[in-house]
Every structure is written in C-alpha cells, then in structure tokens.
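Presented below is the structure to which this report refers.
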Number of protein chains: 2
Amino acid sequence: MTETRAPVGRGMRARRRVLRAALDVLADDGMPGFTIESVARRAGASKATVYRHWASPSALLVDAMDAEFRPLADVDTGDLRADLVALLSLFAASLTGSPFPQLMAAFTDAAERDPALGEMHAELTRRRREPLLRVLTAAVARDELPRGTDADLVVDLLAAPFFYRRLIAHQDIPEDLAGRVVDHVLAGLRPGEAVVVRAKTPTLGARRSDRQGN
Amino acid sequence: MTETRAPVGRGMRARRRVLRAALDVLADDGMPGFTIESVARRAGASKATVYRHWASPSALLVDAMDAEFRPLADVDTGDLRADLVALLSLFAASLTGSPFPQLMAAFTDAAERDPALGEMHAELTRRRREPLLRVLTAAVARDELPRGTDADLVVDLLAAPFFYRRLIAHQDIPEDLAGRVVDHVLAGLRPGEAVVVRAKTPTLGARRSDRQGN
DNA sequence: CGTCAACGAAACGCACTCGTATCGATAGAG
DNA sequence: CTCTATCGATACGAGTGCGTTTCGTTGACG
C-alpha cells in the first residue's frame, strides 16, 4: 500500500477535472441541471468514475465548492478606510466579472434545503469574512475605532449590500459603491469629532447627486 | 359572451389552487422540484389544466410570485427611527417565521438564469423597498435627514444585512438586529450635532453591550 | 333544467437521469 | 517490461417529467 495517495496520479487528474466541471455546470444551469450525468459528460469522464469518488451529488458539490474557494487577498496598510475599500472593491469585482454570482445563487438555494450544504455555506461565508474582520479588529486595537465596536455586525453592514444589489435587487454595482458604503458605515461608528471630520471631506460632498428623483 | 371574466368562477378557483401549490412546491423542493407535474399533483389539478393557463414553468412562476407578494404595512409615526425599526422588524419576522427565505433562495437562483424571472425579481424587490423609501424621503422633507441623502443607498444599507444573515451567512437574526442596524446607519447619516445627540440617548447607550465576546 | 366550457383523470411516446454493471484500454508502479 | 488499479465508454431497467390527447364529469349560467 503506497498510502502516500500520490499527489498527482491519474485518478487525481480525473478528480480535479470533475470538480471543475461540477462548478461549470452549476454556474451555467443551476441546481436543476446539476446532475451526475451532466457533470461527468462535461468533465469528459465516465459516470462510474464520478460515482467511485462521491457518494452523492451533495458530497460532490461540497468538495467542488471547497476546492474553488479563494480567500480575498489580505491587506493591511494601516489605513482603515483604504483597507476596507480595497477588500470590498475586490469583492465587487468578483461579483461583476465572474460566474461567482451564479454559483452563489445556486449554492444558496441548495444550502437552504440540505443541512450539509447549509453548514458548508456558512463555513465558506465565515472564511470570506475573515479579512474584513481582521482589518476591523486591528483598527480597534490601535484605537481607530471605539473599543466596544461589534466587528461582526460591521462586517454584515459592509458586505451585505454587495450581495443584495447583485443577487436580490439586480442592480449593477457602481465603481464607487465600496467607497460610499465604507464611508456611511464608518461615519456611524465614530462618536464625536470623527464623524464631523469625515462629513466635511470631499467624499460626502460628492454624494450630493440627488438626481435619483423620488 | 359574458366578457366580464367572472371574478370567481370554477376556473378561477382552480387557477388559484395551482398558484398556491406552485409556491408550496418551490418553497419545499426548490427549482429542481418545480415541475409542472408536481405542481399539478400538489394542487389536485390535472396537468392539462396547468398547461391551459400557463405556457411555461417560468410564466407560472412569475404569476405565482406576483400573486403572493404582500407589501409591508406602511407606517408613518413621524419618528424616523421608530418607523425604520418597525418596518425592518416586520421584515425580519418574515425571514424567520415563514417559508419566505426558501422562496427567495429558489427564486434568486431561477432569476439568475431566466431574464424574465430576473426582471420580475427586480420588480418585486423594488416594491418591497418602497415603504422604507417613503419613510426616508419623508424624513428628508422634514429636515430630519440631510437634503443630499441618497435614500436608495440607505435602503440598501438597511435591508441588505437581513437577507445576508439569513440566506448567506446562515446565522439567526437576533431580536435587536433591526434596532442596531438602524442606529448604525442613521448615525452615519447625520453630520454634526445630530450624531452626537443620538449618541447620548438611551438608544445608543443600549448598544454598549459588547457581550458578543469573540 | 339543459347546455357547454372547463375541469380531473388517465394514457401516450419521447427523452432524460438514476445507479449499477461490464468491457477493453491505459497509465503508473514494481 | 509486466502487472494491475483505474480509467472511459457503453448498456441496462426502472423511474420520472414533458407536452399532448382523449374521455368522462362537473358546475355555472342562461
């Protein structure tokens, strides 16, 4: 028994092809089209091969999502606002220029009905939040934010609008959304002078565009 | 020809039963289970009846979602914070005590792939936003919020965290989330003394509970 | 009370997925 | 170079949805 589980063998390549194909199918056709047959077909693999590796479609889906996950690059320039805007802009980019939203929509639906997928969804979300969380706790540590700040709630406030606009409201995500969200949220965090200072910067002045009508 | 299209005929009752069944199926089984056959079965109707009324599954889905839509009760006590908290609490309740989240997840996925459903999704979301939007513009009108306030962005900031926590992060929604979100967002909107004033009211004092640990 | 449109039930052929089984081909290990 | 585990391909019967058609029933309206 070689026990070493050869890092790159024949089986490993097939496995990776299938995982990749699984995500392609999911993004293109959603859960209704996510079938063992169509994944195998797309991977150029045999059904038997897929069944050999995964006991159920959920198991395959979990592995595929896990393999695909890429954490946002960590940033820490020491400038809270710049760090947050950078992270959220990266996130916004993945929401506009990749199949990520389709994957999210399909997986969200599946997670709503399969507990194992639900747990996986929660875990992936937790990982995605980490960079933001680190930036915020660092800011608290150097007293740039009040000590009692609930960093988890702040991450919700920062990240949620991007999902919401893209997946729920079906509006596009303007270039400056990251900056405006960060400004609004940070302004709400600073009791006293910090808010006033920021309220007078050009940043907020630029939002006087009320062309939105009623 | 009675032309009046009897408001409650035999056909009307069947139609309504099918629409109701469509939502039940969608909430229970998601898009993969949303099939003409299973909807008809659940409605105690014949497939032929369903096909007589709707040309495609999407058409049925659009009608079903449209029929189900219930706008949030309109509130206007004149107290901005109270109104927002009331609306968001109602919304939070529908996210925790009804099949609404499952419906949203399934419909979001479908909307991602069918342009007609996407348009519908955007429209329903627009309608859901209206009460919040009205409360905000009223507050601007009576100078409780700055004139340049971007009400649309504020609605994003207010509503998004609820979807996010329930559908993406799979966390539960605490009782006081509505109040805390509103406080954070409002604090970010008020340049100068308004923020300071609110920061000293019992309202924000209540959020000094950082028992969130971490 | 009779008429008739709309109903529910059932059956149809077609296409597809499921999960399993069998087969020859092949790549990697000894 | 040989052996063997794993591969891709293919076939299978059972199950299901599709979209349509047929047929007997029912309920609203004249």
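We name chains A, B, ... by the order of the sequence lines, and we start the count at 1 in each one. Nothing here was measured: the structure is a model prediction, and the numbers come from that model.
Residues satisfying the ring-ring contact (aromatic ring centres under 6.0 Å, His included) criterion with Phe163(A), sequence neighbours excluded, are Phe91(A), Tyr164(B). With sequence neighbours excluded, the residues that form a side chain to side chain contact (heavy atoms under 4.5 Å, CB included) with Ala82(A) are Thr77(A), Asp79(A). Considering only residues two or more places apart in sequence or on other chains, Glu119(A) meets the side chain to side chain contact (heavy atoms under 4.5 Å, CB included) condition with Arg126(A). For Ser46(B), the side chain to side chain donor-acceptor pair (under 3.5 Å) criterion is met by no residue, not counting sequence neighbours. Shown here are the side chain to side chain donor-acceptor pair (under 3.5 Å) partners of Glu144(A), two or more places apart in sequence or in another chain: Arg142(A). Applying the side chain to side chain donor-acceptor pair (under 3.5 Å) rule to Glu68(B) yields no partners; only residues at least two apart in sequence or on another chain are considered.
Interface residues of residues 24-37 of chain A facing DNA chain C, ordered by number: Thr35(A), Ile36(A), Glu37(A); criterion, heavy-atom separation under 4.0 Å.
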Output a table of donor-acceptor pairs, distance under 3.5 Å, between side-chain atoms of residues 34-43 of chain B and any protein atom two or more places apart or on a different chain; print 'none' if there are none.
| from | atom 1 | to | atom 2 | distance (Å) |
| --- | --- | --- | --- | --- |
| Thr35(B) | OG1 | Glu37(B) | N | 3.3 |
| Glu37(B) | OE2 | Lys47(B) | NZ | 2.9 |
| Ser38(B) | OG | Gly33(B) | O | 3.0 |
| Ser38(B) | OG | Thr35(B) | O | 3.4 |
| Arg42(B) | NH2 | Asp24(B) | O | 3.2 |
| Arg42(B) | NH2 | Asp28(B) | OD2 | 2.6 |

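Following rounding to the nearest Å, Arg16(B) (CZ) and dC7(C) (C1') show an atom-to-atom distance of 16 Å. Atom P of nucleotide dC7(D) and atom CE of Met12(A) are separated by 11 Å, given to the nearest angstrom. We find that CZ of Arg13(A) is positioned 10 Å from C1' of dG28(C), with the value rounded to whole Å.
Of the possible polar contacts, none joining the Arg165(B) side chain to the Ala160(A) backbone as a donor-acceptor pair under 3.5 Å is found.
Note on Arg15(A): every side-chain N or O is 4.0 Å or more away from OP1 and OP2 of dT6(D).
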Considering only nitrogen or oxygen atoms on both sides, find all protein atoms under 3.5 Å from nucleotides 8-11 of chain C and state each distance.
| from | atom 1 | to | atom 2 | distance (Å) |
| --- | --- | --- | --- | --- |
| dG8(C) | OP1 | Arg17(B) | NH2 | 2.8 |
| dG8(C) | OP2 | Ser46(B) | N | 3.4 |
| dG8(C) | OP2 | Thr49(B) | OG1 | 2.5 |
| dA9(C) | N7 | Ser46(B) | OG | 3.1 |

